[in-house]
Amino acid sequence: MAVAQVIIDIPAQQTNRPFDYEVPENLTALAVPGVRVLVPFGRSGHLRQGFIWRVVDKSDFAGQLKPVARILDLDPVLNQEMLALAKWLAQDTFSFLISCLQTMLPSALRANYQRRFHLLAPLAANDPLQALLDREDSGLIPDNIAADLLAEIKRLEQKGQLTIDYQISQKTKIKQEKVFKTSLTSDQYQGLRQSVRANAKQQLLLLDFLIAQAPFVGNSATWLVKVPGLKAATLSQAVKKGWLAAEEKEVYRQPLTEVTATTPKKLTSEQQAAFTTIIKSMDQAEHTTFLLEGVTGSGKTEVYLDAMQHALAAGQTALMLVPEISLTPQMVERVQGRFPGQVAVLHSGLSVGERYDEWRRIERGEAQVVVGARSAAFAPLKKIGIMILDEEHESSYKQEDMPRYHARDVLLKRAETYHCPVILGSATPSLESRARAQKGRYQLLRLTKRPNTIQMPQVNVIDMRQADKIAGKSDLSKQLVDQLNLRLERHEQSVLLLNRRGYANFVLCRDCGHVIKCPNCDISLTLHRDTNSLKCHYCGHQEAIPSACPQCHSQNIRSYGSGTQKVEQEIQELLPTARILRMDVDTTARKGGHERIIKQFGAHQADILLGTQMVAKGLDFPDVTLVGVINADTSLSLPDFRASERTFQLLTQVSGRAGRADKQGEVFIQTYNPENYAIQLASAQNYEAFYQKEMGIRHQGGYPPYYYTILISVNHRQEDQAVQKIYQIQNWLQPQLSEAAVVLGPTARMITRINNQYYYQLIIKYKSEPRLLKALQTLIMKMQSKTNRGFQLRVDREPMQFM
DNA sequence: AGCACGCCGACT
DNA sequence: GTCGGCGTGCTC
């Protein structure tokens with residue numbers, strides 16, 4: 001009898017190896033690697049979801065095998081390539097196989113475990129469990145259930161008064177909407193209208209609506225009930241009375257925006273040269289990595305599109321990743337316009353079901369081109385001919401939780417399988433990539449000119465130590481405000497970058513110096529004017545603004561430092577006619593909020609777009625002639641060796657937003673460090689010089705790309721526990737490293753406490769440590785044991801954030 | 001995460 | 001002697 005090796009979804013994930021299960025005779029045809037199965041697990045025998053990893057003839061397991069309970073897929077959801085990719089990913093990122101497999105799939109295919117209790121005997125009069133039964137999903141035990149309720153459930157279960165069952169429901173994969181059909185004629189509704197009690201407001205409202213729908217009555221027209229004021233309960237009552245017929249109807253979610261087909265633009269000679277090199281590599285099926293370094297506006301996208309076209313012409317597919325933030329309608333329309341009907345889009349704005357639909361279209365081969373954010377690196381395309389990573393320096397390509405993968409590494413790995421080239425594109429490549437191009441591991445392609453003779457913007461650095469400042473508004477120089485005013489008069493648009501959201505940075509008592517801090521984190525709270533509250537940007541804690549100092553009760557408490565909200569208010573006071581749009585986490589958090597703001601600004605419904613980093617990325621507004629950076633220094637002062645690189649990239653990018661069409665753009669950068677090289681070289685738009693200078697610094701400090709880095713971080717509710725553990729880890733790890741490896745720390749993280757967890761960390765810098773990876777795998781396993789309960793360990797290879 | 005096994009204390 | 005506390009370790 002066949003034996004399936006199954007990777008199981010165990011919540012605690014204490015294991016990383018497959019478990020063997022017997023395949024019942026009638027399921028052997030379906031039991032192939034990559035299909036999802038339900039298997040009994042543990043003494044309880046509760047079913048869990050898993051993936052068949054391999055099918056073998058005989059098990060090495062000495063005990064009695066349990067049988068596979070159910071096979072969930074007719075065709076594997078993960079093919080051989082994906083399974084191999086998962087294995088590599090798990091090793092490369094120190095994560096569990098199961099989490100890698102899950103990450104590759106749309107969440108609609110992930111198991112959704114539910115615990116539900118059923119009463120066998122009536123509850124006591126005031127039993128707290130009654131509250132759970134009264135909810136709509138009667139008897140469902142929520143994951144975040146209060147401990148005392150859970151204890152009560154356990155108690156009753158032991159007394160035999162209730163049972164708990166465990167269900168695995170697949171999250172809805174097919175979008176279903178409740179649709180109501182009229183089941184009576186208009187006349188019959190009229191009749192009912194007469195007989196219903198006069199105070200049955202809801203029923204009358206419904207009947208009036210049904211009568212008004214008369215033209216539809218009698219035919220099969222279905223309609224969605226969206227009558228204002230009508231409650232869902234009334235509808236279900238109406239169904240019971242036979243007034244209406246309800247049914248679940250599958251709805252296709254493809255918000256098909258009308259796209260006009262576009263034709264390829266003629267390439268400039270530089271673009272043509274890059275394109276020719278790339279397609280040569282495609283034709284020869286080489287997995288070359290190209291670093292396409294092109295200044296903003298030099299037309300990288302046109303090269304991507306032509307390369308993708310070349311793949312399609314050869315019967316292959318194309319995968320293009322862009323940062324989430326630049327996956328705007330502008331970008332999507334551009335790709336869809338070029339390849340109408342062939343494009344699937346994957347981004348976080350899609351619902352679970354929409355994502356699944358797009359994933360299916362890709363998997364079935366109905367879409368040959370995929371545009372998406374980070375996780376689209378796992379798009380189930382076959383016969384990939386070209387892969388593109390736009391804005392390759394963006395840190396959002398690195399996933400911050402398990403598995404901590406970098407989309408770039410995934411693409412490069414897949415390129416080996418498909419023998420196809422990868423294009424990494426950026427105006428300001430990451431130092432890692434640029435250095436690899438230097439060493440010849442990547443092939444460097446350059447686009448140095450903007451087509452249509454658009455000039456590079458003129459960049460001015462304003463020295464805030466000497467600049468005229470507007471009285472009382474210490475963050476705005478007179479020069480910048482004059483420039484804003486000038487654009488306002490000319491009916492041109494401006495973009496302002498301020499790297500801090502909220503209203504004020506912190507709230508301080510002028511008498512005793514007390515700063516109001518988050519009760520859960522070691523960080524001061526940020527003042528938000530719109531909600532009139534103090535917020536913690538790390539844990540989300542929110543509290544009212546106190547009228548007196550909590551320490552000395554003085555009324556003399558003030559806020560310091562400017563955030564987007566305050567600057568918005570200040571500019572509004574200075575330029576009363578200006579229409580200002582604010583774009584930051586607070587205004588874009590809701591679904592579609594980001595798009596809405598971009599659309600509004602693009603449609604000239606505002607004169608000034610003021611926002612955090614996100615205004616710098618991927619936006620293309622032709623009428624913006626002024627870009628202002630209010631505080632270029634905030635990102636510089638961070639204790640992170642990448643601070644200069646980030647500042648340079650941000651300033652260069654935001655500068656590129658100015659003057660893209662026929663109008664010359666101007667950039668003003670306010671700074672207290674005007675002589676800093678990152679600011680100087682960004683204003684000169686000189687990437688090469690920055691690269692040389694920064695490489696020198698990295699070499700001296702022994703930082704990437706000269707060294708590999710690994711961050712090991714431990715957190716615990718109690719500080720002394722976290723400290724003890726990190727030293728214990730260091731003592732264990734150090735002897736396994738060579739002399740050449742450098743261990744920084746242990747140190748407390750910059751913000752030591754977040755959400756009442758204390759964080760301590762170690763950074764290992766190394767060039768070649770053959771034993772390190774194995775040791776870290778062991779460490780992860782050791783940390784899973786019960787003696788280490790309460791600790792969380794994080795092993796992050798090439799971390800983006802060192803703080 | 002569950003669930004059982006097992007090794008110690010306070011009771012019929 | 002045994003009932004049950006929850007520390008420890010396994011789950012095919």
Chemist: Rounded to the nearest Å, what distance is computed from the CD atom of residue A:Q49 to the C1' atom of nucleotide C:dT11?
Modeler: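 A:Q49 atom CD is separated from C:dT11 atom C1' by 18 Å.
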Chemist: Expressed as a whole number of angstroms, how long is the span from A:I8:CD1 to C:dC10:C1'?
Modeler: 13 Å
Chemist: Specify the separation, in whole Å, of atom CD1 of A:I7 and atom P of C:dT11.
Modeler: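 A:I7 atom CD1 is separated from C:dT11 atom P by 16 Å.
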Chemist: For DNA chain C, which residues in residues 56-65 of chain A have a heavy atom at a distance below 4.0 Å?
Modeler: A:F61, A:Q64, A:L65
Chemist: When the distance from CZ of A:R48 to C1' of B:dG2 is rounded to whole Å, what number comes out?
Modeler: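 Answer to the nearest Å: 9 Å.
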Chemist: Does any pair with a residue in residues 746-766 of chain A pass ring-ring contact (aromatic ring centres under 6.0 Å, His included), and if so which ones, sequence neighbours excluded?
Modeler: A:Y708-A:Y766
Chemist: Could you run down the sub-3.5 Å N/O contacts of the protein with nucleotides 6-8 of chain C?
Modeler:
none

Chemist: Provide, to the nearest angstrom, the distance between the CZ atom belonging to A:F19 and the P atom belonging to B:dA1.
Modeler: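 My rounded result for the distance is 15 Å.
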Chemist: Please step through side chain to side chain contact (heavy atoms under 4.5 Å, CB included) for the pair A:D409 and A:L89, ending with a clear verdict.
Modeler: CA-CA 9 Å; A:D409 300 333; A:L89 193 64; over 6 Å; no
Chemist: Run the side chain to side chain contact (heavy atoms under 4.5 Å, CB included) test on A:V35 and A:L72 for me, step by step, so that the C-alpha distance in whole Å, both residues' side-chain angles and the decisive distance to 0.1 Å come before the verdict.
Modeler: CA-CA 7 Å; A:V35 299; A:L72 296 173; over 6 Å; no
Chemist: Can you tell me which nucleotide in C:dC12, B:dC3, B:dA1 comes closest to the side chain of A:K66?
Modeler: C:dC12
Chemist: Does the pair A:V23 and A:I52 meet the rule for a side chain to side chain contact (heavy atoms under 4.5 Å, CB included), with working shown?
Modeler: CA-CA 11 Å; A:V23 181; A:I52 295 188; 5.6 Å; no
Chemist: Please identify each residue that fulfils side chain to side chain contact (heavy atoms under 4.5 Å, CB included) with A:A407, with sequence neighbours left out.
Modeler: A:L321, A:R374, A:A377, A:L389, A:Y397
Chemist: Can you name the residues that form a side chain to side chain contact (heavy atoms under 4.5 Å, CB included) with A:S396, not counting sequence neighbours?
Modeler: A:P323, A:E394
Chemist: Using a 4.0 Å heavy-atom cut-off across all strands, classify A:F41 as base, sugar-phosphate, or nothing.
Modeler: base
Chemist: Nearest whole Å is fine: how far is C:dC12 P from A:N16 CG?
Modeler: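 My rounded result for the distance is 17 Å.
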Chemist: Which pairs count as ring-ring contact (aromatic ring centres under 6.0 Å, His included) when at least one residue sits in residues 42-85 of chain A, sequence neighbours excluded?
Modeler: A:H46-A:Y166
Chemist: So, A:E81 and A:R414, do they make that salt bridge, N to O below 4.0 Å?
Modeler: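 Answer for the salt bridge query: yes.
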Chemist: Go through C:dC12, B:dA1, B:dA4 for me and flag the one nearest to the A:R43 side chain.
Modeler: B:dA4
Chemist: Using the ring of each side chain (for Trp, its six-membered ring), is A:F378 parallel, tilted or perpendicular to A:Y405, with breaks at 30° and 60°?
Modeler: perpendicular
Chemist: What is the distance, rounded to the nearest whole Å, between atom CG of A:L47 and atom C1' of B:dA1?
Modeler: 15 Å
